[in-house]
A.B. asks: 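Sharing a structure, written as structure tokens. Questions coming.
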Amino acid sequence: MNTRHLNFVLVVLLLATVATFEIGERGVAGPLAMATLLAISFVKGRLVVLDFMGLRGVKFFWRGLLLGWLLLVSTLIAVAYWIAMK
Amino acid sequence: METQPHSTTPHAGPAAAPPGDLAIWFFILAELLAFGVFFAAYAFARARHVELFNEMQQTLDRQAGALNTVLLITGSWCVARAVEAVGRARSHTGARWLAAGIACGGGFLVVKGFEYAAKFGAGINLSTNTFYMFYLSLTFFHFMHVILGLVILIALWWKTRQGAYGPADMNGIESGAAYWHMVDLVWIVLFPLVYVMR
């Protein structure tokens, strides 16, 4: 992994964190806010897994395990929030 | 002539195993499973007490949570830069990046310490209500992982300064780095879930 790409990933992660914080500051709630927050969280987690953990060039099995965890946790959270909204 | 590490061989397909020791990845998966159960338990508990969770969430210090996110992400980046530097036989540069990562992790503990002090000072504890039972236990579980991650980073920093790692021996530093990134990954889910989502 070259340094330029790592620096780019850092900038994306910091911008995504600002977006998450702003959603909280504006007090936005509801299904769209929940989906946006989970999507931002998934994108951030994916970058950490692929670029910081170094799994981008590794067989899909390992990437799949970690990204699968991220997807499963996001889905469970979404289901729980959907139940709460009913 | 010095041989290149296997992972940098041109035209090689995807590596069969992840960076570092295989054992650390099984450990990471076990940790992620535990945190996953915790996150799901929080979300489903919230579904039964929506008003309480939304009200209590407003009493959290979101700025401190965001600052801690920045510290962990930056710390993770520093550690990734350290691994990259050591992989290019620049141990001293790698040690400096590790020191920066340790500083970020230490900053996280300080910020979280202030947050805990404010909550305990207000008389909040595990039995205050369901929200705070989850908030305190979930964040403290993560807090303990940050401490363990810092111990690992300090050991890596010490050994990297001594030149123990290099392009031909990345196993130790890659294993420790993977654990630290796991701590970051968990917080990336925890922050929006506990501090923001409502």
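Source: prediction; values computed, not measured. In what follows, chains carry the letters A, B, and so on, assigned in the order in which the sequence lines appear, proteins first and then strands, with residues in each chain numbered from 1.
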A.B. asks: Anything in residues 19-27 of chain B with a heavy-atom distance to chain A below 4.5 Å? Please list those residues in order.
C.D. replies: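 B/Pro19, B/Leu22, B/Trp25, B/Phe26 fall under the 4.5 Å cut-off.
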A.B. asks: Does B/Val189 reach the side chain of A/Trp69, with side-chain heavy atoms less than 4.5 Å apart?
C.D. replies: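 A side-chain contact exists here, since the closest heavy-atom pair is under 4.5 Å.
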A.B. asks: Give, as side chain, backbone, both or neither, the part of B/Leu29 having an atom under 4.5 angstrom from any heavy atom of chain A.
C.D. replies: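 Interface part for B/Leu29: side chain.
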A.B. asks: Find the one option among B/Tyr42, B/Phe44, B/Tyr195 whose heavy-atom pairs under 4.5 Å with chain A are most numerous.
C.D. replies: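 Looking at each option in turn, the highest pair count goes to B/Phe44.
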A.B. asks: Would you give the length of the straight line joining atom CH2 of B/Trp97 to atom CG of A/Leu6, rounded to the nearest 0.5 angstrom?
C.D. replies: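 Reported value, rounded in 0.5 Å steps: 9.5 Å.
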A.B. asks: Please list, in residue-number order, every residue in residues 146-153 of chain B that has a heavy atom less than 4.5 Å from any heavy atom of chain A; write 'none' if there are none.
C.D. replies: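 Result: none.
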A.B. asks: Flag the one option from B/Val196, B/Leu32, B/Thr69 with the top tally of heavy-atom pairs under 4.5 Å to chain A.
C.D. replies: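 Looking at each option in turn, the highest pair count goes to B/Leu32.
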A.B. asks: With only heavy atoms counted, which part of A/Leu70 is less than 4.5 Å from chain B, the side chain, the backbone, both or neither?
C.D. replies: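 Side chain only.
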A.B. asks: What residue, out of A/Gly30, A/Gly57, A/Ala78, has the most heavy-atom pairs lying under 4.5 Å from chain B?
C.D. replies: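 It is A/Gly57.
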A.B. asks: Under 4.5 Å heavy-atom distance to chain B, tell me which part of A/Val9 shows up: side chain, backbone, both or neither.
C.D. replies: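 Looking at A/Val9, nothing touches chain B.
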A.B. asks: Between A/Ile83, A/Val49, A/Ile77, A/Leu38, which residue shows the highest count of heavy-atom pairs closer than 4.5 Å to chain B?
C.D. replies: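 Most pairs with chain B among the choices: A/Ile77.
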A.B. asks: Quick one, A/Tyr81 and B/Leu193 - any side-chain contact, counting heavy atoms below 4.5 Å?
C.D. replies: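 SC-SC contact between A/Tyr81 and B/Leu193 confirmed.
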A.B. asks: Heavy-atom pairs under 4.5 Å with chain A - which of B/Ala178, B/Ser76, B/Ala40, B/Pro192 has more of them than the others?
C.D. replies: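 Winner by heavy-atom pair count: B/Ser76.
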A.B. asks: Any residues in residues 118-137 of chain B near chain A, with a heavy-atom distance under 4.5 Å, and which are they?
C.D. replies: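 Within residues 118-137 of chain B, no residue comes under 4.5 Å from chain A.
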A.B. asks: Could you have a look at A/Glu25, A/Arg63, A/Met85 and say which one has the most heavy-atom pairs with chain B under 4.5 angstrom?
C.D. replies: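 Option with the top pair count is A/Glu25.
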A.B. asks: Looking at A/Leu37, A/Val73, A/Leu76, A/Leu10, which makes the most heavy-atom pairs under 4.5 Å with chain B?
C.D. replies: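 If we count pairs closer than 4.5 Å to chain B, A/Leu10 comes out on top.
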A.B. asks: Any side-chain heavy-atom pair from A/Thr17 and B/Ile188 closer than 4.5 angstrom?
C.D. replies: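 They are not in side-chain contact.
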A.B. asks: Hey, which residues of residues 47-68 of chain B are touching chain A, say heavy atoms under 4.5 Å apart?
C.D. replies: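 The residues closer than 4.5 Å to chain A, in numerical order, are B/Ala47, B/Val50, B/Arg62, B/Gln63, B/Ala66.
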